[in-house]
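Structure record follows, encoded as structure tokens.
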Amino acid sequence: MRRPLFMACLCLVIVLAIGRILTGADTGDAGVLPPDGSPVRITGRIDTRTSETIILKSISIIQNDLKYSYSGKLQCELTNTQEVQSLRLGQHIVLEGFFSHFDAATNHGEFDVRAYSAGKGIGGRVRKAQVLAAEEDYSFLREKLFAFRRRLHDRLAKVFPEKEASVMQTLLLGEKEELDAEVKALYQRNGIAHILSISGLHITLLGMGCYRLLKRLGAPVRVAAAGGAMTLLLYGMMVGMSVSASRAIGMYLLQMLGIFVGRTYDMLTGVGLLAALLVLQQSERLGDVSFLMSFGAVLGICLLTPVFAGDGREDNVGVETASGVVAGLLTVTDILGDSAYERNKYREGWRKVVYERLWRMVSALKSGFAASAGVILFTLPIQLWFFYEIPVYSVLLNLLVLPFMSVVMAGGILSLIPGLGIAGTVDCLILWWYEWICERFGELPGAVWCVGRPAKWQMIVYYSGLFVLIIGRNYAEKWKRQRLYAAYVAENNHGDGHRAERERQRRETRGVDDSGRGRKRESNRKKMQHSDRYSEICTTRWRHVLANFWYTWQGVMTYRSGVMCRIVAAMILVLIVGLLTGNFDRGSRVTFLDVGQGDGIVVETGQGAYLFDCGSTSRRKIGEYVLKPYLKSRGIQSLRGVFVSHPDEDHMNGILELLENGGEWGITVEQMFLPAITEAERREAFEKLLVAAEYAGVPVSYIKCGDEIRDSRLRLRCLHPEENTTLADANAYSECFYVEVFAKAVKWGAAEEMEASGEGGRAASEVYGENGSFAVGVTGEKTGHGDTGERKNFGVGAGKLSILLTGDVEGEGEQQLTQELQTLKTLQEAKTLRAAQESQALQNARKLQEPREQQELWESRRQGGFKVDILKVAHHGSGYSTSSEFLAAAGPAAAIISCGRNNSYGHPHAATLQRLEDAKVPWYLTTDYGALTVTVDSHGNRLQGYLRRK
């Protein structure tokens, strides 16, 4: 594969990507932007506009009498929406408002609006903007194209029903904002959302259509090429030049440039050059899913489709689908073989027509399957990194959907012409069929395979394996050509005695490709010729037999080598896909999600996952935007238990979303646990949850103090409330749990015997991991990288993590919980007294090596017996909870507080933080670190924050 320009562009993109990862770049010039909420005055040129917002470029920011330039774009939300209609594209305006950054992701798997906007070149937004002045000059051409686009938009809305109109507006005009949400979700779940992108199919119909029309009208080739290029440039300006549109139009322009200069067009070189140019223009595109999927699809076509098609020709490709998917053009001999072709090529009449039609159908099916498989395999890591799951039947579904896209496009274009709106009827039927077939495929077993987000090393190994396949195929093709050339030279060096016979054979086999059956027939022909030669030279029978054996063996070895190559390729492919989709992070971990003003805790063990509360009053749709992405990114499709501490919205509205939409999301709930309050209060307080659980078929249980739940790596004990409690305040009867999470599976029978008898203190320590050091450190990571946070050492177990979950308990409920903790401490002291005496010598030796303050802290916790590694502070750090008596009874090693940024309640209260400081308990806020995750392993537990501390 001698393509120096492509390799140079590829190396450039890889270097920029590595530099971006190492430097942790976010949004380019984000550092020069004002802080959130600051009033600003901005001047700039209008780039695009919608009904309510405008996008400015060429920006100057005026703040505190300082004026400076910003190279990116800003989104401005005007208070007067009617004022937007009077503005023109390209117009210079002056406006003022309040600047704010886009929201960044604070949880694993959460959609990062800031990174997505940065990929589009938009660094922030101006809220409540008011236009102060506007120049009269504007871009005449762009404004006319925008007005023409609005007329086309209105025409489609008039011709099609509302849902189908939104699909056609997206497909023809690139207006994804108005796409029906149900249709978008349906297409995404089934892996056909790429058909809505402006890409290769548009270029085929518009650019190549204009080019061929001008040629038929007698225009010179260069004039026709220029006309097609101009048409596409105007179309791209009208629809907004998205990444996929820029890539497709750029590739067409390069192809037309080749016609002008008399050079052949190479698709791989073209896509590499365009990728390098787009990345150099804006490096944030390297993290944009549209950029990665668009260029990854074309690379998959160019590199992998020939591997699956087996035609041995890289350059024989053409645009086939709306996402720029290119299908290799295969021949009849690749599909039906030489023998079938020889038997049918001389047939006449209807039999010949039927055979040719059948050949075209099978050829298109094979090429489409090869192209679809190539695209899916090459973009599989990108798909999993951003969407965490695989539509299993997408290859087959694309084969049923893509052939009709040309009809949909043609019908949509014709329906734009006045008087031809009837053409949209066909499009409606096809779009209805698309929805129907997507729903049927979605009902098939295993339609969606939730894998989770792979690690970076898995992606590197996967792409390395793919390139081994590609390079191996190239070497195999080179070796095959060398062997054929050697055989040809050897045959022609025997003289001219059989030249006439060879000429006759060539005439009979003219037009036949060198497929597997063709090679077999050619080998048989050579065997007969050489057998005749050996018979003429030496008439002995045994030489004739040797000749037959030699060429038969040669044919067998040729066939065997091809089969072995395919077997090895299949094994490599299965291996790298298995490595990519394998979940190698099955360890135990506890994650305190950043849900804003609310709570959400996910406990994962090797046996399953458990959810403790999920809700928020400061963030909308917390289940869809935080809980669902997190579970998907971790590859979790089922929750063994969901616990709702009390019926406040900030603890349960996310769970309500999960129960209502779990079937659509592909996440099941096996059991839901509610506090065992009186039956009358249950029905009143949890009415919505009970109705949703009944509709979803989720069994509901009521848990009380003393109940336990276990699996091989988890033991959960309910500490509050008592059964049929009469506490009137919902916060007071919140569920409270003492949860022990183990790094390795525990045999509970043996563990309980040792714990009860108190024998073998060291053995009990090995089972429960109660000795050792616990390194608590919040890492400075934005996207899961780095380890730069502060660290502190605590006397807590390695191999086991104990957490105390307290909901919003306060007042009388906290007093009851404190009494329960003190009771547990007393029982634990009695059980461990003998073990403590036997290990006194070890503890004395430990004191000699530790600072005095650490000795006192360890001694207090050792004497307590009942240990809490992590305390989830009750009621988001309210001043009415987490009393000094409670902290003395719990004795936590660290505390985590979940609350909203700039919340109106003032959480966490200064009094609560002071009590934590007095108890020498370090505390960590989700407002500072985002989601906080504690991983549990036998070397020590580690606390990680998703965000850098500011």
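This is a predicted model, so every value here is computed, not measured.
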Side chain Q188, main chain A185, donor-acceptor under 3.5 Å: no
Backbone of T269 reached by a side-chain donor or acceptor of D266 within 3.5 Å: yes
Derivation and outcome, side chain to side chain contact (heavy atoms under 4.5 Å, CB included), residues Y462 and M459: CA-CA 5 Å; Y462 178 84; M459 300 171 67; 5.5 Å; no
Crowding at CD, E443 (>12 non-hydrogen neighbours, <6.0 Å): yes
Test item: side-chain donor near acceptor, S638 and T668, under 3.5 Å: yes
Pair S394-I376, side chain to side chain contact (heavy atoms under 4.5 Å, CB included): steps then yes or no: CA-CA 9 Å; S394 60; I376 290 174; 3.3 Å; yes
Lys/Arg N to Asp/Glu carboxylate O, [X] vs [Y], below 4.0 Å:
X	Y	result
D288	K120	yes
R189	E389	no
E657	K628	no

Determine whether the aromatic ring centres of residues [Y] and [X] are separated by less than 6.0 angstrom.
X	Y	result
Y116	F102	no
F111	Y625	no
F584	W457	yes

Worked verdict on L384 versus Y388 for side chain to side chain contact (heavy atoms under 4.5 Å, CB included): CA-CA 4 Å; L384 293 180; Y388 324 123; 6.0 Å; no
Nearest heavy atoms of G635 and C450, plus distance in Å: CA-SG, 3.9 Å
Minimum heavy-atom distance V451-T581, with the two atoms named: CG1-O, 3.3 Å
Ring pair (Phe, Tyr, Trp, His ring centres under 6.0 Å) partners of Y187, counting only residues at least two apart: none
